[in-house]
Amino acid sequence: MPPSNADFDVIVVGAGFAGVYQLHRLRSLGFKTLLLEAGSGLGGIWHFNRYPGARCDSNVPVYEFSDEELWRDWYWDERFPESGAMRRYFEHVDEKWQLSRDIRFDTRVSSATWDEESLQWCIESTSGSSLTARFVVVCTGFASKPYTPDFEGLASFDGVCHHTALWPQDGLDMTGKRVGIVGTGASGVQVVQEAAKIAAEVYVFQRTPITALAMQQRKLSRADQDEMKHDYPDMFQRRTKSFGGFDFRGRTESALELSAEARNAGFEEMWQEGGFSFWASNFADVMLDEEANRTAYDFWRSKVIERIGDPQTAEMLAPTEPLHPFGVKRPSLEQTYYDSFNQDNVTLVDLRATPIERITGNGLKTSDGDYEFDILVMATGFDAVTGGLTAIDIRGSKGQSLKENWADGVKTHLGLSSAGFPNLIYLYGPQSPSGFCNGPTCAEQQGGWVVQLLADLRDRGVTRIEATPEAEEAWSTQVRTISEFTLFDKADSWYVGANIPGKKRELLNYPGGIPMYMQQCDSCAENEYSGFELRPMASDGS
Ligand code: N01
């Protein structure tokens, strides 16, 4: 690194997949690196997600790092691990990569201020620390800022109320309790499945039905995994070539061009594969054409309604007419979700027909009546993709705030950095593949590119790098243009920021897939980091 009085060459924020990869790689290249983490352990979302039933929606080994030092002697119990297994995996990563010695836990970054004179960032945290670094790499993930709707009367609830992402670290026993669950996204689905098994009463407050897919969970034996490990190196290569960073067979056939019989046979095959196969490796036109999409929705619906006894409940969970095209709002995986609604202790409440009026001291009042419960679960999601970044008071070269800079829409070059905010890079951030990409793949692909960028800057004696406004404009146009070919705007989801009142509606993830994204990052690097302004070290060393 060119000389600097900063405390660190690089400060990384957040110890999920992206952050720990940065720390490991940057340190191995000799960068003086520190990682700041709000939680008391590694894992990012897996550290915080301790709600009942929290489980991974992506299967292993696709959902892990590709480093053989990590996978050679690591074994999972299940194809879709529960969140405790993910935390144990991160402990294993820590042991192998010796990360903790360069991590400050329980340190939530509150502000980051650029100093143009010293060309460094000053990072302050809620624990009172104040540190400087030449570069900051923010790895706060897409779901680090929980969202709780501003329900009237919420503060008056006398029972126990938690957002899923802020669940007590020691757990909360729901046995024999009456539980109210607001929200039926991926988190809500998992809580419902667990609560239904042990709670006395479960009230599920649904505004939009989710299109949950069959997980097809399986136990994994050591022998299975030893066999699978022969293919790991190839599989990790294949995942870099797929749209979403998974290892699904890409289907090039059009759903509409197949006969109904062949189409249904294909759907059935994807369904039996389980996981996200039915979403991420469906026929080529399903996510692009509404008629093709409808065939997938109808197949999904046929699978769901056959499991639900009461036709009215079935219609609420899987309406004949979809509220939005299939898959443009993130599906989740389920094991017993739909069966739960056949139990006497589970009641589904349709908030579109009967909206919540207020939270009461002992439950919740809808336009149709009162529901009483002891535990209120807010499975209401996140200020996704941008929230983790805008929660930090980030001030750029003219003292401007990143949050205000994005008030009318996000602006980035390659989803990595913004004009006016030199030496600040974000991973898994807005306008990058982010929420459309398997986390570990993105951590390595996009993260590997950033490591190379920092190494190149060091080799060239560059002390300051900043995206240009023209490059931002071009990238935003590209994101918008590709998104117009998709159906994502047809649902109110966190993908387009529609779940947060007042948030600008725009597609927050880059919709071109990982290979196309990385191609453009590589082309930027080959062209002297086009779209960035690079400033070499001055003669006084600054
Ligand atoms: O959040 P969500 P999530 N009144 O935003 C409802 C990842 N994840 O935490 O759809 C009533 O999806 C809202 O209703 P509607 C995954 O990427 C992964 O479940 O807006 N309801 C919706 O039902 C996922 O996509 C895993 O009409 C309100 C729910 O709350 C992402 O995180 C596990 C409401 C929010 O669903 C977020 O999932 C968990 C209101 N005012 C999460 N406001 C795994 O890998 C919101 N809702 C396993």
Side-chain angles (χ1 to χ4, degrees), residues 16-17 43-46 48-60 62-63 80-83 85-86 141-152 154 162-167 180-194 203-213 215 217 244 275-276 279-280 317 323-324 327-335 337 348-359 364 366 376-385 387-388 428 434-440 491-501 503 508-509:
F17 274 105
I45 196 137
W46 297 112
F48 287 100
N49 265 354
R50 293 174 192 244
Y51 59 83
R55 181 176 291 285
C56 199
D57 267 356
S58 303
N59 62 293
V60 292
V62 173
Y63 195 70
F80 296 93
E82 47 89 26
S83 77
M86 291 309 304
F142 81 98
S144 60
K145 190 175 173 205
Y147 165 66
T148 300
D150 188 16
F151 290 123
E152 194 187 325
L154 187 55
H162 293 292
H163 188 282
T164 47
L166 301 170
W167 206 257
I181 302 165
V182 181
T184 54
S187 306
V189 164
Q190 295 185 332
V191 180
V192 169
Q193 291 180 148
E194 289 312 298
Y203 298 101
V204 182
F205 298 97
Q206 168 189 281
R207 193 167 63 180
T208 310
I210 191 166
T211 47
L213 306 173
M215 178 177 274
Q217 175 69 297
F276 282 142
W279 179 45
L317 289 165
L323 274 74
H324 54 75
V328 297
K329 201 162 175 162
R330 185 185 180 279
S332 75
L333 304 188
E334 60 85 34
Q335 300 183 80
Y337 179 64
L348 181 64
V349 180
D350 179 359
L351 294 182
R352 283 184 190 253
T354 58
I356 295 175
E357 289 188 347
R358 55 175 290 120
I359 308 293
L364 177 161
T366 69
L376 171 54
V377 182
M378 288 293 177
T380 43
F382 301 87
D383 180 357
V385 190
Y428 219 64
S434 184
F436 290 160
C437 182
N438 179 33
D492 292 338
S493 74
W494 62 260
Y495 285 157
V496 294
N499 63 326
I500 303 296
K503 191 166 175 174
L508 291 165
N509 305 314

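When a residue number appears, it is its place in the shown sequence, counting from 1. Indexing begins at 1, ligand by ligand and atom by atom, following the structure's order. Keep in mind that what you see is a predicted model, and the values were worked out from it rather than measured.
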Query raised in the report: Between N509 (side chain) and S434 (backbone), is there a donor-acceptor pair under 3.5 Å?
Result: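 Side chain of N509 to backbone of S434, a donor-acceptor pair under 3.5 Å: no, none is there.
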
Requested in this report: Could you walk me through whether T208 and R352 pass the side-chain contact (heavy atoms from CB on, under 4.5 Å) test, one step at a time?
Outcome: CA-CA 8 Å; T208 310; R352 283 184 190 253; 2.6 Å; yes

Query raised in the report: In ligand 1, which numbered atoms sit nearer than 4.0 Å to a non-hydrogen atom of Q190?
Result: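 Listed by number with element: 33 (C), 48 (C).
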
Query raised in the report: Of all the atoms in ligand 1, which lie at a distance below 4.0 Å from a heavy atom belonging to G183?
Result: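 Going through ligand 1 atom by atom, the ones under 4.0 Å from G183 are 6 (C), 23 (O), 29 (C), 30 (O).
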
**Report entry** Option of least heavy-atom distance to atom 43 (N) of ligand 1 (set: R207, M378, R330, M215)
**Finding:**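 Checking each option, the heavy atom nearest atom 43 (N) of ligand 1 is found in R207.
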
Query raised in the report: Given G188, G53, P149, which has its nearest heavy atom closest to atom 41 (N) of ligand 1?
Result: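 It is P149 that holds the nearest heavy atom.
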
Requested in this report: Check T366 against V349 and note the closest heavy-atom contact, atom names and distance.
Outcome: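 Distance-wise, the nearest heavy atoms are CG2-CG1, 4.3 Å.
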
Is [X] in contact with ligand 1, taking contact as a heavy-atom separation below 4.0 Å?
X    : result
F276 : no
Q206 : no
F151 : yes
T164 : no

**Report entry** Donor-acceptor side-chain pairing of R50 and T164 below 3.5 angstrom
**Finding:**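 The answer is no; no qualifying pair exists.
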
Requested in this report: Measure L351 to ligand 1 on non-hydrogen atoms and call it side chain, backbone, both or neither using the 4.0 Å cut-off.
Outcome: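 Looking at L351 and ligand 1, just side chain atoms fall under 4.0 Å.
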
